[in-house]
Visitor: 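Provided herewith is a single structure, encoded as structure tokens, for subsequent inquiry.
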Amino acid sequence: MQGSENVRGIEGSATLAIAALCRELRAQGREVIDLGVGEPDFRTPDFISAAGIASIEQGFTQYTPVPGIPALRAAIASRMKNDHGHLATADGVVVSTGAKQALFNACFVLFGPGDRVLLPVPYWTSYPALIKLARAETVFLSTNPENQFKISVDDLQRSHNSSVRGLIINSPSNPSGTVYTRDELEAIARWAHANGVWLIADEIYGRICFSAERAPSLLDLDDALLERVVVIDGASKAFAMTGWRIGYSYSRKDVAREIASLQSQITSNAASASQYAALAGYQDDSRAKGSIKAMVTIFQQRRDKMLARLATDLPKAAPVSPDGAFYIFMRVDAYYDDKLTDSGAFCSWMLDQTGVALIPGSAFGDDRFVRISLAAPNAALAEAVKRMGEALSKRVAVNA
Ligand code: PLP
């Protein structure tokens, strides 16, 4: 079908497409190790689920205010104060149907035709589509793995012109696990502020950080630098609540009002039971922190073991060690040949030969790489590396 101009060039999410393919292959009886997954392989903590169930039993099943129930907005604001010392007010918080909707809302409200939005590569797969839906144009900023894919103020300055209206930063990053330091964030925020550029900071993995309890945040900076900043976060990753669909944006009040107006015409409010469930997570910080810590410790152990296994079994690959999120972005172009010419071909071949599903780096803007998810049990991760190593060494031997 030929869709309207609005959706021309918008493709479905590559990561969700791989998830669907894995389900299909399994339904056909194939044994698949799905390392494409973008969600924690942990249950939502029981106290959070129980709060959602209780809200249904108590009859809280109607529409809620568009930007979220007041208690949840207040709990999120108070979490920001506790974590970052930022004097957040609840009216800057708009709760949405996942961080993805919060990102859509922010892009649609802030950007429009003629605007350019700077986006460091590799990027989370949905940003270019969200920018395009707002009819703005993405300006891709190249980075390099030696510098953990970070962009600097010089890079930003080089790409700046009068039509640049936005910049999206994702720290910790999906797919690379890059975590910006506070000083680096501050330099970027100062540049954006000085140049009148809106900065969208996607901090959805902020609590999944290996070197600290949480990654540095834009909210750690002075209020004066936050005037043109929208922080995106949510419950999906930290509380293992992907299916509940709770995300939020935090911004200046007038921006939050615009975002809520837009949302009022699209989805109205996030699901009420999900809001009550997330409320328990934001209010009971010590229990939430306990669950997060247990999950992050396991991700970290998996990361360390995976890096060691990959070094042995895939000697020509170059994985980048992540400091946050739960993915390993790995350079594999040393294995490319006349048939395996890009990351898509590499992943299709790998799935076909070994049953291991990975996400091609092309989905994140860098075709030399693939993304491996750590959201799978250790035994599955070990088996996946073994199979990949065997298949690749056979191929290399045949080609030699
Ligand atoms: N931002 C990033 C960087 C992500 O990786 C994801 C999900 O994978 C999202 C936003 C969307 O999160 P949600 O599931 O809350 O919509």
Side-chain angles (χ1 to χ4, degrees), residues 12-20 34-42 44 48 68 72 76 93-108 117 119-131 133 138 149 167-180 199-209 215 217-218 230-250 259 263 266-267 269-271 274-275 277-278 281-282 292 295 299 322-329 359 361 363-366 371-375:
S13 157
T15 50
L16 296 185
I18 301 278
D34 182 1
L35 302 188
V37 273
E39 56 184 344
D41 55 326
F42 295 91
T44 303
I48 294 180
L72 177 57
I76 291 170
V93 176
V94 179
V95 177
S96 299
T97 303
K100 197 180 255 181
Q101 190 191 8
L103 282 160
F104 169 81
N105 289 347
C107 289
F108 213 74
V117 181
L119 183 63
V121 179
Y123 48 77
W124 179 52
T125 193
S126 291
Y127 300 138
L130 296 174
I131 293 166
L133 285 168
T138 303
F149 304 102
L167 163 67
I168 301 183
I169 293 286
N170 172 215
S171 174
S173 147
N174 173 7
S176 67
T178 296
V179 176
Y180 281 84
L199 172 53
I200 298 182
D202 182 349
E203 300 187 352
I204 187 81
Y205 294 99
R207 293 205 161 207
I208 304 183
C209 183
S217 161
L218 265 292
V230 179
V231 174
I232 305 290
D233 202 341
S236 298
K237 313 287 174 170
F239 299 159
M241 286 181 74
T242 47
W244 298 79
R245 313 303 303 128
I246 293 290
Y248 65 84
S249 58
Y250 176 70
I259 287 176
Q263 182 167 296
I266 306 173
T267 52
N269 57 267
S274 300
Q275 292 192 54
Y282 286 108
I292 294 168
M295 179 171 75
F299 281 141
D323 187 28
F326 45 82
Y327 311 100
I328 293 179
F329 205 45
I359 308 283
F364 311 100
D366 196 329
R371 190 192 76 178
I372 301 175
S373 170
L374 297 171

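First listed ligand is number 1; within each ligand, the first listed atom is number 1.
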Visitor: Where do Ala238 and Ile292 come nearest, in terms of heavy atoms and distance?
Guide: O-CG1, 3.4 Å
Visitor: Rounded to the nearest 0.5 Å, what separation is found between the CG atom of Asp202 and the OH atom of Tyr127?
Guide: 3.5 Å
Visitor: Sequence neighbours left out, what passes side-chain contact (heavy atoms from CB on, under 4.5 Å) with Thr267? Give chain and number order.
Guide: Thr97, Gln101, Gln263
Visitor: What pairs with Arg207 under salt bridge (charged side-chain N to carboxylate O under 4.0 Å, His left out), at least two apart in sequence or on another chain?
Guide: Asp83, Asp285
Visitor: Could you give the distance from CG (Leu16) to OG1 (Thr125), rounded to the nearest 0.5 Å?
Guide: 9.0 Å
Visitor: List the residues meeting side chain to side chain donor-acceptor pair (under 3.5 Å) with Gln275, not counting sequence neighbours, and say none if there are none.
Guide: Thr64
Visitor: Return the protein residues near ligand 1 (heavy atom under 4.0 Å from any of its atoms), ordered by chain and residue number.
Guide: Gly98, Ala99, Lys100, Leu103, Trp124, Tyr127, Asn170, Asn174, Asp202, Ile204, Tyr205, Ser236, Lys237, Arg245
